[in-house]
Amino acid sequence: MAQKNIRHYLQFKDLTRDEYDYLLDRSRILKQKFKNYETYHPLHDRTLAMIFEKNSTRTRLSFEAGIHQLGGHAVFMSTRDTQLGRGEPIEDAAQVISRMTDIIMIRTFGQDILRRFADNSRVPVINGLTNENHPCQVLADIFTFYEQRGPIAGKTVAWVGDANNMLYTWIEAAHILGFKVKLSTPAGYALDPAMLDPDARDAYEVFADPREACDGADLVTTDVWTSMGFEQENEVRKKAFANWCVDAGMMARARPEALFMHCLPAHRGEEVSADVIDGPQSVVWDEAENRLHVQKALMEFLLLGRVSH
Ligand code: CP
Ligand code: NVA
């Protein structure tokens, strides 16, 4: 049974532009506290359940370290060693896990699974990646842009590669925060507009040539050619995506001050050349670190609302 007045974060559109303005500023404050070794425990005694049906390095670590730094505790659960891997209904798992914890993060396959879980949860649920969405990552990316270049409203983001969870989330974010996505995907791997809100369809433009998508961009970003869950397509995808590698030539078509981002893990020589990801325009390490700071701000917001200390 859905619980009233709980805020979940299942996709980017679950928060408003005004709430994102707050969260970006709050992330900056929490990052400063962390850098200053300031003890700050607003979530003292709170427990975060982290459920993983797919692998993770950054998401697991940033959520676990983040709740700890806020005074709380994390419990890691994976499909491999819980009853979820043996067919326990997701609705039943949500009922049980949400009675013992204060907040839950899940990484799973279909967005429908996440939604069914949230509909049966008594506590806030956060999307730690689904096939369709990766909102915590795009939030970290936008915070990284904001730190380096200021507000993203009015800017242009170039997406080169697969029409995956990251791309759909970038477009949703562009619609909410007022920027534009110029995207290019190989033939046969096009974006499906039906997966987007009709309103969000104005937030992007499609280019057949990935170099054209990069023209004048303030940020160039990409992701793996084969996302988790699609591994059996890997060899076919390698051929189809061969020209969708962000290289120095593509970066040269973006604005001179353009940033390069990648949510990681990356494959040098596939979706990005080594000289770009390891070059001066790349901010991938800040981007990865910022998962920690934005998710701390998000957990604090979902549990305590807006705070000012
Ligand atoms: N970017 C990201 O979500 O990384 P992990 O898969 O390591 O969590
Ligand atoms: N699109 C990638 C992101 C990994 C963090 C995937 O879903 O595997």
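Both counts, for ligands and for their atoms, begin at 1 and track the order of listing. Positions are given from 1, in the same order as the sequence printed here.
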Residues Asp141 and Thr144: side-chain donor-acceptor under 3.5 angstrom: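 Their side chains do not contain a donor-acceptor pair, so the 3.5 Å distance test is not met.
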So with a 6.0 Å cut-off around CZ of Arg253, is the heavy-atom count from everything else above 12?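 Enclosed: over 12 neighbouring heavy atoms sit under 6.0 Å from CZ of Arg253.
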For residues [X] and [Y], determine if any side-chain heavy atom of one lies less than 4.5 Å from a side-chain heavy atom of the other.
X      : Y      : value
Arg46  : Leu70  : no
Phe52  : Thr82  : no
Gln281 : Val220 : no

With heavy-atom distances below 4.0 Å as the criterion, list the atoms of ligand 2 near Asn164. 1 (N)
Counting from 1, what ligand 2 atoms have a heavy atom of Leu264 closer than 4.0 Å? 5 (C)
Yes or no: does Thr59 have any heavy atom under 4.0 Å from an atom of ligand 2? no
Can the ring centroids of His293 and Phe34 be said to lie less than 6.0 angstrom from one another?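 Close enough - the centres of the two rings lie under 6.0 Å apart.
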Please confirm whether Phe241 and Tyr189 have ring centers closer than 6.0 angstrom.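 Centroid distance Phe241-Tyr189: below 6.0 Å, so yes.
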For atom 3 (C) of ligand 2, which candidate among Val224, Thr226, Asp223 holds the nearest heavy atom? Asp223
Lys NZ or Arg CZ of Arg60 over Phe76 ring: under 6.0 Å, within 45°: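 So Arg60 does make the cation-pi contact.
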Contact (N/O only, under 3.5 Å) between Pro265 and ligand 2: no
Less than 3.5 Å between some nitrogen or oxygen of His134 and one of ligand 2, yes or no? no
Identity and separation of the nearest protein heavy atom to [atom]:
atom                   : result
atom 2 (C) of ligand 1 : Arg291 NH1, 3.4 Å
atom 4 (O) of ligand 1 : Arg58 NE, 2.8 Å
atom 6 (O) of ligand 1 : Arg107 NH1, 2.8 Å
atom 7 (O) of ligand 2 : Asn165 ND2, 2.8 Å
atom 8 (O) of ligand 2 : Met228 N, 2.8 Å

List every atom of ligand 1 that sits less than 4.0 Å from any heavy atom of [X], numbering the atoms from 1 in the order shown and giving each element.
X      : answer
Leu264 : 1 (N), 2 (C), 4 (O)
Thr57  : 5 (P), 7 (O), 8 (O)
Cys263 : 1 (N)

Give me the ring orientation class for Tyr20 and Phe12: parallel if the planes are under 30° apart, tilted from 30 to 60°, perpendicular past 60°.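 The arrangement is parallel - the two ring planes meet at less than 30°.
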Have a look at ligand 1 and work out which part of Leu129, if any, has a heavy atom under 4.0 Å from it: side chain, backbone, both or neither.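 For Leu129, there is no contact with ligand 1 at all, from either part.
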Can you tell which part of Arg60 has a heavy atom less than 4.0 Å from ligand 1: side chain, backbone, both or neither?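 Answer for Arg60: neither.
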Might you point out which heavy atoms bring Ser98 and Asn120 nearest each other, and give the distance in Å? OG-O, 4.0 Å
Which heavy atom in Asp162 sits nearest to a heavy atom in Trp225, and how many Å separate them? OD2-O, 3.8 Å
Part of Leu129 with heavy atoms under 4.0 Å of ligand 2, whether side chain, backbone, both or neither: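 For Leu129, only side-chain atoms sit under 4.0 Å from ligand 2.
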